[in-house]
2 protein chains.
Amino acid sequence: MANQNVPQATAERLPLYYRTLQGLVAVGKTRISSSEFGDLVQIDSTTIRKDFSYFGALGRKGYGYDTQHLMDFLRKTLYQDELSKVVLIGVGHLGTALLNHNFQKNNNTKIVKAYDIDPSLTGTVVSGTKIYAMDTLATDDNSDITAAILTVPAAHAQEAAEMALASGIHGFLNFSPTTLSLPANAYVRHVDMTVELQALIYFLNHSMEERNSK
Amino acid sequence: MANQNVPQATAERLPLYYRTLQGLVAVGKTRISSSEFGDLVQIDSTTIRKDFSYFGALGRKGYGYDTQHLMDFLRKTLYQDELSKVVLIGVGHLGTALLNHNFQKNNNTKIVKAYDIDPSLTGTVVSGTKIYAMDTLATDDNSDITAAILTVPAAHAQEAAEMALASGIHGFLNFSPTTLSLPANAYVRHVDMTVELQALIYFLNHSMEERNSK
DNA sequence: ATATTTTTGTTATTTATTTCACAATCACTA
DNA sequence: TAGTGATTGTGAAATAAATAACAAAAATAT
């Protein structure tokens, strides 16, 4: 597959495209043009055509894109045709919310188990997911697990990530407000609500200023 | 203030810088060089110096940056010296988790009230935050509210955002997996855990492929 | 007091991303 | 089946962001 040259920015948009196509297919829309699709996802139509062009000719001139075909292609490209198993580390408020949510709708990902430091949680089941003791993490064999969702306090995130890595997990979705320092064989994505909220406030104030000065 | 020309990419990094500086000040570190700071936040030191340079000369040659001074500067730049009031819309699993979390630690933001469509929740208090009926949202006066955190199901996100806008709210942190279509006087940031998880899986698989083909 | 080292701020360069512009091609109409 | 309109795919141009390189200045050491 000619994927090495797909720009990072393009790759980051694929999940949004995929989800949007799922919605279109679900309501029975069989074809869509790049401009109509662009309106939907709020991305310029040229960017969309260029994004798709990195994977070859996915559309038809004068017609547009076949939603089902495009969705199937993206499903494969995003490895959504196979189930990804993930674990959740830290069953606090946010962790529990994610266990309840559990991604599975339209999303071939399953939280197969969770870890927590609180001994009173060990062995209990939250929303169908069994909770294991934190001190078994490093020695468990988790080589069949794609990623760990980190919802532990910031002070324990680094340590938890290292244990998960030791157990064979290389992907991390880090919800803790701290930067993880891991070797090159680990890949981390960071979801930081505090950062998002502060950035929102910054841009709100600045777009206001801009408007006032115009 | 000369802020109109601060690049978007720089602005997006400021909250991370701010949080990291809070940590440094808290442990008593009074000075830091761009390279040491860069190691901490995993960003090239040149990028950091350039980012700060958009705001003028914040450091001293041969010395580095005064952490307290830099933190104070960023606090003002990010409007964190004044309290931002936000509302939460949708008190489900994730909404409840955010109410419990409530951002306030090191973060001058407070969820002052919540809205939910379930009548049995109306008037109750979750983690200190009172819950109001959804149908009062559009007619309430929320002009003193900076932003709304949207944690409603995707199917209701657009509608909820429109009601919040009608009540005077212009900033949105959207956790629902759907694109919002709002007028230009609204500003939306999107936190999408499904997208993050899919992007994580994509990059994991692709960095593996890259390694294997090398 | 002088020399050396450190480290910034900034200009120039490179890389990445987006946007433009339009020929090529296909769909649709009559 | 010819003609018109729609829409892709893509090279070229423009914009944005990251990185390199280094002079200037200040700190520290001798």
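Lettering of chains follows the sequences in order, A, B, ..., and the numbering in each one begins at 1. Scope of the values below: all heavy atoms of this structure, side chains included, with no hydrogens, waters or symmetry mates. In this text the structure is predicted, and so the values were computed from the model without any measurement.
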Quick check, are the ring centers of A:Phe52 and A:Phe73 under 6.0 angstrom apart?
-> no
Compute the centroid of each ring, for B:Tyr65 and then for B:His69, and state whether the two points are separated by less than 6.0 Å.
-> no
For the pair made of [atom1] in [X] and [atom2] in [N], what is the distance, rounded to whole Å?
X: A:Asp44; N: C:dA21; atom1: CG; atom2: C1'; result: 13 Å
X: A:Ile43; N: C:dT17; atom1: CD1; atom2: P; result: 14 Å
X: A:Ile48; N: C:dC20; atom1: CD1; atom2: P; result: 14 Å

How is [X] classified with respect to the nucleic acid when contacts are heavy atoms under 4.0 Å: base, sugar-phosphate, or nothing?
X: B:Ser33; value: sugar-phosphate
X: A:Phe52; value: nothing
X: B:Ser34; value: sugar-phosphate

Can you name the side chain to side chain donor-acceptor pair (under 3.5 Å) partners of B:Asp66, sequence neighbours left out?
-> none
Taking B:Ser84 for its side chain and B:Thr109 for its backbone only, find out whether a donor-acceptor pair lies under 3.5 Å.
->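 No, B:Ser84 side chain to B:Thr109 backbone: no donor-acceptor pair under 3.5 Å.
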side-chain contact (heavy atoms from CB on, under 4.5 Å) between A:Gln68 and A:Thr30, intermediate numbers included = CA-CA 7 Å; A:Gln68 181 74 52; A:Thr30 58; over 6 Å; no
Go through the side-chain N and O atoms of A:Tyr132 and A:Asp140 and say whether any donor and acceptor fall under 3.5 Å apart.
->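 There is no such pair between these side chains.
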Do you see a donor-acceptor pair shorter than 3.5 Å between the side chains of B:Ser176 and B:Thr178?
->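 No, B:Thr178 and B:Ser176 have no side-chain donor paired with an acceptor closer than 3.5 Å.
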Pick out the pairs of N or O atoms, protein on one side and nucleotides 12-15 of chain C on the other, that lie under 3.5 Å.
from   : atom 1 : to      : atom 2 : distance (Å)
C:dA12 : N6     : B:Lys50 : NZ     : 3.3

So, do A:Lys50 and A:Thr47 sit near enough that their side-chain heavy atoms are less than 4.5 Å apart?
-> no
Using a heavy-atom cut-off of 4.0 Å to chain B, what are the terminal contacting nucleotides of DNA chain D, in 5' to 3' order?
-> D:dA17 to D:dT28
What's touching nucleotides 25-29 of chain C from the protein side, N or O pairs under 3.5 Å?
from   : atom 1 : to      : atom 2 : distance (Å)
C:dC26 : O4'    : A:Lys61 : O      : 3.4
C:dA27 : OP1    : A:Arg60 : NE     : 3.3
C:dA27 : OP1    : A:Arg60 : NH2    : 2.7
C:dC28 : OP1    : A:Arg31 : NH1    : 2.9

For B:His101, the ring-ring contact (aromatic ring centres under 6.0 Å, His included) test, sequence neighbours excluded, returns B:Phe103
Return yes when atom NE2 of A:His156 has more than 12 non-hydrogen atoms of other residues, nucleotides or ligands closer than 6.0 Å, and no otherwise.
-> no
In terms of the nearest nucleotide of DNA chain C, which residue is placed more toward the 5' end: A:Gln8 or B:Ile32?
->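 Upstream on the strand: B:Ile32.
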By nearest nucleotide on DNA chain C, pick out whichever of A:Arg49 and A:Ala9 is the more 5' one.
->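 Its nearest nucleotide lies further toward 5', so the answer is A:Ala9.
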For B:Glu36, what residues pass the salt bridge (charged side-chain N to carboxylate O under 4.0 Å, His left out) criterion, not counting sequence neighbours?
-> B:Lys29
